[in-house]
Amino acid sequence: MKLNESFYQGNNVVKIAKELLGKGLFTKINNKTLGGMIVETEAYSHVEKGCHAYQKKKTIRNEVMFKHGGHAYVYVCYGIHNLFNVVTNEEDEADAVLIRALEPVKGIEWMKKNSNTSNEKRITSGPGKLTKALGIDRSHNADLLWSEHIWLEDLGIIIPKRQIVSSPRIGIDYAGEDALLPWRFSIKGNVWVSK
DNA sequence: TAGAGGATTGAT
DNA sequence: TCAATCCTCTAC
């Protein structure tokens, strides 16, 4: 069952980042369904410096973060990688969750092809890699997450609290003290979590 | 309008 | 540890 609009529109992005663990992320490309279970996320909010929309500063790139929860925010990082985020909260509240790793579920052979590797462990264990495997690029930016081409699904899996590990987010040293916030979440012991 | 740099990755 | 690589953002 696809996650509905209300799931995304809560005002606590950290809570939603944790709830997204165990949910499914899927795309439909060339009539093939690709995707997996989310095992690693990071929360970003306009109140802290790690966020593109810090202090609610709207730019061409982050415009989608200001839409209501349930939109996809896809942007290019380091000129090479597409990174996929789930926009949360109400309109103009500019919060989002970065999806960092998946456990492959559907279309694994096709995802290997997209990733140009035969090593299953390497196709979705990182934010830049999973977008390549699922065929997500900037054409998906601003798409709604209950559309036909890209969507999130409730897999009926509950991740108990004790199975959720939190740690500081990756690659945002420029955020100063906010880089220390333990807003990265992953499933304890899951082998698909990024390195 | 030019210059710096980034929510990463894989090879050295 | 370092290069790849392309916008976006900022300052002139």
Side-chain angles (χ1 to χ4, degrees), chain A residues 8 12-21 23 25 36 38-67 69 71-89 93-104 111-143 145 150 152 165-187 191-195:
Chain A
Y8 302 101
N12 186 340
V13 67
V14 172
K15 177 163 169 272
I16 296 173
K18 284 188 263 193
E19 288 173 350
L20 281 170
L21 295 174
K23 299 293 191 288
L25 167 62
I38 297 168
V39 300
E40 181 179 353
T41 62
E42 282 180 3
Y44 288 88
S45 172
H46 60 273
V47 299
E48 47 84 20
K49 298 199 248 333
C51 184
H52 289 166
Y54 177 49
Q55 292 180 329
K56 296 197 182 183
K57 188 150 59 169
K58 198 188 273 194
T59 66
I60 293 170
R61 179 176 70 163
N62 71 19
E63 199 184 358
V64 178
M65 288 187 74
F66 291 81
K67 294 179 182 287
H71 286 85
Y73 171 41
V74 183
Y75 73 96
V76 177
C77 180
Y78 296 106
I80 306 168
H81 306 289
N82 295 289
L83 268 55
F84 171 78
N85 295 255
V86 174
V87 175
T88 71
N89 216 327
E93 292 304 315
D95 293 346
V97 178
L98 171 69
I99 307 302
R100 291 190 55 89
L102 302 177
E103 176 172 331
M111 291 197 287
K112 282 183 192 168
K113 246 175 221 164
N114 289 343
S115 304
N116 212 15
T117 174
S118 57
N119 187 342
E120 209 164 289
K121 288 285 190 306
R122 302 183 67 163
I123 54 179
T124 54
S125 58
K129 291 191 283 190
L130 70 91
T131 54
K132 194 174 180 191
L134 271 65
I136 297 172
D137 59 32
R138 286 191 312 158
S139 70
H140 294 90
N141 192 40
D143 278 3
L145 294 173
I150 183 166
L152 267 69
V165 183
S166 54
S167 56
R169 294 167 295 174
I170 307 292
I172 54 163
D173 293 343
Y174 58 83
E177 59 190 16
D178 287 337
L180 301 175
L181 292 169
W183 282 8
R184 173 183 179 226
F185 305 102
S186 59
I187 298 177
V191 299
W192 305 94
V193 169
S194 71
K195 302 288 181 301

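What you see below is based on every heavy atom in this structure, not just the backbone, and it leaves out hydrogens, waters and symmetry mates. Everything numeric here is computed off the predicted structure, so don't read it as measured data. Lettering follows sequence order; numbering is per chain, from 1.
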Can you check whether [X] reaches [Y] side chain to side chain, under 4.5 Å on heavy atoms?
| X | Y | answer |
| --- | --- | --- |
| A:Leu102 | A:Trp192 | no |
| A:Asp95 | A:Ser45 | yes |
| A:Thr41 | A:Leu21 | yes |

Sugar-phosphate only, base, or nothing, as touched by [X] at under 4.0 Å among non-hydrogen atoms:
| X | result |
| --- | --- |
| A:Leu83 | sugar-phosphate |
| A:Ile60 | sugar-phosphate |
| A:Arg169 | nothing |

Rounded distance (nearest 0.5 Å) linking atom CG of A:Leu152 with atom CD1 of A:Ile99: 6.5 Å
Between CD1 on residue A:Ile170 and CD on residue A:Glu40, distance to nearest 0.5 Å: 7.0 Å
DNA chain B-proximal residues of residues 114-122 of chain A, any heavy atom under 4.0 Å: A:Arg122
Within residues 43-58 of chain A, residues whose heavy atoms come under 4.0 Å of DNA chain B: A:Tyr44, A:Gly50, A:His52
Position toward the 5' end of DNA chain C (nearest nucleotide), A:Gly79 or A:Arg61: A:Gly79
A:His81 vs A:Arg138, nearer the 5' end of DNA chain C by closest nucleotide: A:His81
Intermediate values then yes/no, ring pair (Phe, Tyr, Trp, His ring centres under 6.0 Å), A:His140 and A:Phe84: CA-CA 9 Å; A:His140 294 90; A:Phe84 171 78; 8.4 Å; no
Nucleotide pairing, DNA chain B (Watson-Crick or G-U, distances under 3.5 Å), in dot-bracket with [ ] and |: ||||||.||||.
Distance-only donor-acceptor check, side chains A:Lys121 and A:Ser125, under 3.5 Å: no
Any donor-acceptor N or O pair under 3.5 Å, side chains A:Asp137, A:Ser139: yes
Interface limits on DNA chain C, where chain A has a heavy atom under 4.0 Å of a nucleotide atom: C:dA4 to C:dT10
Please check if atom [atom1] in [X] has more than 12 non-hydrogen atoms from other residues, nucleotides or ligands closer than 6.0 Å.
| X | atom1 | result |
| --- | --- | --- |
| A:Lys67 | NZ | no |
| A:Lys57 | NZ | no |
| A:Lys113 | NZ | no |

Range on DNA chain B touched by chain A - first to last nucleotide, heavy-atom distance under 4.0 Å: B:dG6 to B:dG10
Looking only at heavy atoms, what is the nearest atom pair of [X] and [Y], with distance?
| X | Y | result |
| --- | --- | --- |
| A:Lys49 | A:Asp178 | N-OD2, 2.8 Å |
| A:His52 | A:Asn62 | O-ND2, 3.1 Å |
| A:Ala53 | A:Ala94 | CB-CB, 3.7 Å |

side-chain hydrogen bond (donor to acceptor under 3.5 Å, both in side chains) partners for A:Lys15, two or more places apart: A:Glu19
